[in-house]
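The structure presented is a predicted model; accordingly, all values stated were derived computationally and were not measured. The basis for the numbers below is simple: all heavy atoms, side chains too, and nothing from hydrogens, waters or symmetry mates. Counting starts at 1 for both ligands and their atoms, following the listed order.
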Amino acid sequence: MQMHDKILILDFGSQFTQLIARRVREAHVYAEIHPCDVDPAFIRDFAPKGIILSGGPNSVTGADTPRAPQVVFELGVPVLGICYGMQTMAEQLGGKVEHGHVGEFGYAEILAHSHAKLLHGLEDFHTDAGQGVLKVWMSHGDKVNAMPPGFTLIASTDACPIAAMADDARRFYGVQFHPEVTHTPQGKALLTRFVREVCGARADWIMGDYVEEAIQWIRRQVGNERVILAISGGVDSSVAAALLHKAIGAQLTCVFVDHGLLRLNEAEQVMETFANHLGVNVIHVNASETFLQKLTGVTDPEQKRKIIGAEFVEIFQHEAQQLVDAKWLAQGTIYPDVIESAGSNKPGAAKIKSHHNVGGLPETLHLKLLEPLRELFKDEVRELGIALGLPAAMVYRHPFPGPGLGVRILGEVKREYAALLAQADAIFIDALRNTIDPHTGKSWYELTSQAFAVFLPVKSVGVMGDARTYEYVVALRAVQTQDFMTAHWAHLPHELLGQISNRIINEVRGVNRVVYDISGKPPATIEWE
Ligand code: XMP
């Protein structure tokens, strides 16, 4: 990669660490997250323009809790500690931290006390006495009760007298609140201030420019060798395909395994966009027969996922082996996948569902792995897709799971059910795309993060015309979420739900009842299986 100015984020285990990196990158500065116990030599080689220490679940007053490597404070670059990051900074530099008996969680207002560079001019409102007040989001039990030598107090609340501290000479700052969350309205401005003005990092992380940089990087890696890539129609693999095609043209071959559990007309759309429109080499493998056969009689969700994943790998491998001179396997891995798999060996993390469907391929195929999106967040992947000329409807598509309709047909998967579900789903999505919410001016498709229909293989009684019916049920699911880890059900207008229900019952033969799922995650998950 080209030399960007870089911010290093050391992760002490906060659930918000990714948000810090996202906010920094929104300021057009490149940032990477690494574990808090990373090797000091790595930190030196990384040559950061500044370092941010994240929050974390531990208490610095406890035995064997993590500390920042000492080199962080010796490099001569600015350091910002957030929450636990501030506490460990205080403790390591000679201050004191008190173990909290009463925590402070949620909204707080802090008074800004001085004109330290970090907070100067940032405020949500000011007191009658003219003192700036920031609305912030707090989440802590412990707090700093004595600042290290050289620091001055720059913000306080009643519950937390040392809410922010600064040593402008060394450019070390600590904030007890969380500037990375959207509940801290000036948080983004604070982080921008830190990386751009305090660290002096160049604002050169821009997706439109990144296209050329990524192309050069791919060409250097690949030379004149051939690359294969599995495409699914999802955002990540689509953007990876468009980028690779732009970089290496005919050296790229895409394999599109159609398992017969796709959305309505999806296979045609994928072929239309990639093969016809962009001129990418795409091998379309229609394997729906094989998949459906393997799934006969299988009702357990994890079992279904395993079968679909294994069959996918089998077919993909078979296709890859035909391309004898392929040397590279490209994957649409994105930065959150990289961070999550680094963190996935944390003890005690319970597996709820197995989401990754194509693991292990590079080893069995003896191919080198090429991951052109592994540094990008989802928003950046989308921006890149637009910069590459992909249709907005594809780039802003809701996520669709690898096993597709296979996990949206409860219990055994049958061709007849899949056809019926694809039709109901298309009616639902079409209505969401075409209904504009007057308050926001956006479509309900844009206002929801993921929406889809689910097939319930139970029959209920209805009446159509003068006749009794005894047919299947379709459930509609629409959620709003930032990260898909937690989600709210979407408050779709009742009239819209009514129209969708009518259309599904009238147009989809075999369905006489539609229900709307009003469960949050947790306790439910987004998918029904
Ligand atoms: P859950 O249902 O766990 O879903 O709340 C969270 C997100 O993950 C997607 N998902 C999957 N994606 N393979 C995938 O590629 C899977 O097996 C899978 N299961 C769930 C889900 O659609 C949602 O976006």
Undergrad: Taking the six-membered ring of Y472, is the NZ or CZ of K459 close enough (under 6.0 Å from the centre) and on axis enough (within 45°)?
TA: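 Ring-cation test returns yes.
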Undergrad: Report, in ascending order of atom number, the atoms of ligand 1 lying under 4.0 Å from any heavy atom of T525.
TA: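 Checking each atom against T525, I get 1 (P), 2 (O), 5 (O).
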Undergrad: Assert yes or no for the condition that the ring centre distance of F452 to F428 is strictly below 6.0 Å.
TA: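 Not under 6.0 Å, so no.
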Undergrad: Please report whether ligand 1 has a polar contact with G402, defined as an N or O pair separated by less than 3.5 Å (distance criterion only).
TA: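 It does: an N or O of G402 is found under 3.5 Å from an N or O of ligand 1.
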Undergrad: Would you call R25 and D379 a salt bridge, taking side-chain N to carboxylate O under 4.0 Å as the test?
TA: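 Here R25 does not pair with D379 in a salt bridge, since their nearest N and O are not under 4.0 Å apart.
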Undergrad: Give yes or no for whether the N/O distance cutoff of 3.5 Å, strictly under, is met between E529 and ligand 1.
TA: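 Not met; the criterion fails.
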Undergrad: N/O of I526 under 3.5 Å from N/O of ligand 1, yes or no?
TA: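 In this structure, I526 places an N or O atom under 3.5 Å from an N or O of ligand 1.
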Undergrad: Please determine if K521 and E527 form a salt bridge, counting it only when a charged side-chain N lies under 4.0 Å from a carboxylate O.
TA: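 Between E527 and K521 there is no salt bridge, as every charged N stays at least 4.0 Å from the carboxylate O atoms.
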Undergrad: Does R408 reach the main-chain N or O of P403 with its side chain, forming a donor-acceptor pair under 3.5 Å?
TA: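 Here the side-chain-to-backbone pair does not exist.
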Undergrad: On a heavy-atom basis, I'd like to know which of P401, G406, G404 is closest to atom 11 (C) of ligand 1.
TA: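 It is P401 whose heavy atom sits nearest to atom 11 (C) of ligand 1.
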Undergrad: For atom 6 (C) of ligand 1, which of the options H398, E302, K521 provides the nearest non-hydrogen atom?
TA: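 Minimum heavy-atom distance to atom 6 (C) of ligand 1 goes to K521.
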Undergrad: Does D517 come within less than 4.0 Å of R477, counting only side-chain N to carboxylate O?
TA: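 The answer is yes: the pair qualifies as a salt bridge.
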Undergrad: Going by distance only, is there an N or O of R408 that falls short of 3.5 Å from an N or O of ligand 1?
TA: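 No, there is no polar N/O contact under 3.5 Å.
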